[in-house]
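Proteins come first, then strands; the chains are lettered A, B, ... in the order of their sequence lines, and each starts at number 1. Nothing here was measured: the structure is a model prediction, and the numbers come from that model.
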Amino acid sequence: MNNSPTPQQAGDRLARVRARRPRVHCLMNTVVQKFVADGITAIGAIPSMTSSPDEIVGFVSKADVLVVNLGTLDADRRKVIELAVEVANDHGKPWVLDPVHSDYSPVRLEFAKTLIARRPTVLRGNSAEMALFGDIGETLKIETGAHDRLTDGARTGTVRNGHRWMADVTGTGCLSGGVIAAFLAVEPDAMAAAAAALAATGVAAEQAAEHARGPGSFAVAFLDALSALTPDELSLHGRIDHEI
Amino acid sequence: MNNSPTPQQAGDRLARVRARRPRVHCLMNTVVQKFVADGITAIGAIPSMTSSPDEIVGFVSKADVLVVNLGTLDADRRKVIELAVEVANDHGKPWVLDPVHSDYSPVRLEFAKTLIARRPTVLRGNSAEMALFGDIGETLKIETGAHDRLTDGARTGTVRNGHRWMADVTGTGCLSGGVIAAFLAVEPDAMAAAAAALAATGVAAEQAAEHARGPGSFAVAFLDALSALTPDELSLHGRIDHEI
Amino acid sequence: MNNSPTPQQAGDRLARVRARRPRVHCLMNTVVQKFVADGITAIGAIPSMTSSPDEIVGFVSKADVLVVNLGTLDADRRKVIELAVEVANDHGKPWVLDPVHSDYSPVRLEFAKTLIARRPTVLRGNSAEMALFGDIGETLKIETGAHDRLTDGARTGTVRNGHRWMADVTGTGCLSGGVIAAFLAVEPDAMAAAAAALAATGVAAEQAAEHARGPGSFAVAFLDALSALTPDELSLHGRIDHEI
């Protein structure tokens with residue numbers, strides 16, 4: 001077991017994603033589906049997005065990892081999410097929960113809590129969202145922001161890559177969830193996988209900002225940078241700290 | 001009461017949006033949700049997009065202004081829209097109605113008329129859509145096009161900013177509705193607010209066209225320009241005429 | 001009847017799309033609606049996207065051609081698709097079927113087969129999808145890939161334009177379906193129409209790649225190139241082979 005996720009290891013894990021091309025199934029909000037799919041493709045994985053109850057078992061069974069994003073949640077999607085999580089858990093597939101805006105909606109917060117009880121591999125949100133959840137057992141907690149903080153109860157990690165323009169583009173957090181999922185599919189140590197994923201999106205953001213004039217061109221350059229990122233660049237520029 | 005919305009005032013109102021960061025809740029069609037969210041963020045406001053009936057009361061109660069867009073309308077969204085409008089009216093929050101393609105669908109036109117009877121603050125559409133509606137009381141009517149024409153029954157305004165490439169990008173009209181909403185949240189005079197909003201998107205379009213080669217790069221540059229637009233630039237380049 | 005679709009004819013057909021501006025109604029998956037709408041606008045046609053059962057008859061009746069895309073399919077969309085196909089067939093309007101990911105879902109595959117029995121004008125998919133369907137009568141079969149292969153049982157055509165980055169952008173296949181539809185609306189010979197459409201998107205992709213650094217900037221440049229493409233350029237750069 002790797003106790004210390006390092007930038008060098010982050011580069012190795014990116015190489016693993018690119019070599020294996022894991023399938024990432026996303027139950028994603030209606031706002032950012034294309035952007036998240038493009039991000040998952042850019043990192044080297046294969047996205048799928050359907051949320052029909054009569055197809056979900058098939059798609060999740062064929063996937064390597066599942067992303068559950070609670071943005072624009074409604075009753076139909078809650079049912080499909082429950083089916084999807086059941087398949088993921090039955091098959092021992094990792095899954096990521098992104099409790100988007102659970103601080104805005106009691107219904108959404110309650111549902112997020114029922115899902116947390118089903119033990120996602122990763123719970124990722126911003127500070128307002130993460131403040132809603134206390135002890136969540138073995139699930140890796142990730143609070144994303146200017147710096148990303150990861151904790152699994154025993155270890156803590158911090159990723160210091162990124163750029164402030166990520167906050168100006170709708171869906172960068174949701175896209176991070178998809179990229180974290182891609183790394184989870186190829187690395188059993190969730191802390192190491194997620195640190196590598198956040199370093200990758202963070203380094204890509206830093207590179208993109210050099211070619212951008214604002215949130216429109218930044219989002220475009222970000223996808224270019226994510227696609228072009230090499231394991232060596234990630235090892236060189238990734239800034240991952242850890243404590244045991 | 002400002003009888004004459006001027007470019008100088010438009011600049012002041014943009015500064016107000018940037019300082020206050022109003023929350024704009026959108027019941028938006030499925031095609032352009034990310035583009036509209038990005039536009040609302042670029043102008044300096046905070047977008048939300050959910051359309052679930054069990055969350056809508058919470059989201060609209062927390063918002064400063066509501067946008068109701070009738071693109072890709074269906075029966076589920078009609079119910080949610082009715083709930084949202086009721087909350088907005090009960091709380092005295094301004095709301096914008098965009099009767100997208102009401103000229104294509106009798107069901108949609110009927111629904112638009114029932115909503116107009118509930119007195120939106122603003123009704124915004126293209127010439128084909130606006131031709132469907134006659135006297136609508138106090139609601140500010142906005143017909144967008146090469147030049148935008150605003151009338152509230154007593155005053156008339158014209159905004160002459162813009163670029164023809166706006167017509168080649170899906171969602172620019174919908175995005176305008178979101179930006180108008182952001183200005184309504186910080187300016188009680190609807191005519192002044194909407195004129196400022198349309199001058200802002202229009203000036204951003206003019207600036208974007210200088211950096212673009214076609215509809216793809218124009219949409220990207222438009223978001224950059226909206227984000228970078230300063231109150232001084234808006235005061236300088238805004239072209240707002242008015243008649244009393 | 002044109003037995004041999006040629007690049008010169010492709011240029012003529014693009015001019016016809018630009019002059020007539022056909023209306024293309026799309027029953028499109030939730031992921032790529034804006035990108036597909038932007039692509040249809042860029043080629044010179046007029047897109048619409050609603051999928052409400054109480055509006056679909058009106059929208060399809062007013063359209064010149066229909067696109068049925070099975071991505072993110074669910075029970076509600078199956079019903080609307082059946083209504084739409086009935087209107088298209090009753091009115092003799094051409095329609096395109098894109099059986100996205102039918103290889104991932106038995107429900108989707110069954111539905112695709114029932115639609116094929118209703119005789120779409122064109123069936124377009126990748127090699128994994130097209131392998132699922134055997135003899136489909138008069139429907140033009142298109143297998144898109146590095147080269148696109150078209151067959152109607154009597155004639156075969158190949159379009160050799162394109163760029164490998166098309167595979168890195170979510171929705172390029174779906175967008176191709178929309179552009180094929182636009183050409184079908186102005187050219188009764190489906191093989192000639194589809195060959196021209198695929199040459200157009202392929203040439204635009206080749207031009208876009210010269211201005212792009214990765215999948216983000218490529219998608220942007222692709223829309224620019226599609227919009228700027230002239231009939232003469234298409235005649236010059238189109239690479240269409242055919243066999244009788």
For the residue pair Gly214(C) and Asp224(A), what are the closest heavy atoms and their distance?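 That closest heavy-atom pairing would be C-OD1, 2.9 Å.
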
Against chain C, label Ala37(A) side chain, backbone, both or neither, depending on which of its atoms sit under 4.5 Å from a heavy atom there.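 For Ala37(A), heavy atoms of backbone and side chain both lie under 4.5 Å from chain C.
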
Does anything in residues 106-118 of chain C reach chain A? List residues with heavy atoms under 4.5 Å apart, or say none.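 The residues closer than 4.5 Å to chain A, in numerical order, are Val107(C), Arg108(C).
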
Looking only at heavy atoms, which of residues 40-64 of chain C get nearer than 4.5 Å to chain A?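 Residues in range: none.
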
Distance in Å, Asn29(C) CG paired with Gln33(A) CD, rounded so as to fall on 0.5 Å steps: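 Going from the CG atom of Asn29(C) to the CD atom of Gln33(A) covers 8.0 Å.
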
Roughly how far, to the nearest 0.5 Å, is the OG atom of Ser227(A) from the CZ atom of Phe218(C)?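 Between atom CZ of Phe218(C) and atom OG of Ser227(A) there are 12.0 Å.
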
Count the heavy-atom pairs under 4.5 Å between each of Val32(C), Thr170(C), Leu73(C), Asp74(C) and chain A, then report the option with the highest count.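 If we count pairs closer than 4.5 Å to chain A, Thr170(C) comes out on top.
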
Please classify the contact between Val220(C) and chain A as side chain, backbone, both or neither, with a heavy-atom cut-off of under 4.5 Å.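 Contact with chain A: side chain only.
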
Just checking Arg119(C): does its CZ atom have more than 12 heavy atoms from other residues, nucleotides or ligands closer to it than 6.0 angstrom?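 Open: at most 12 neighbouring heavy atoms sit under 6.0 Å from CZ of Arg119(C).
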
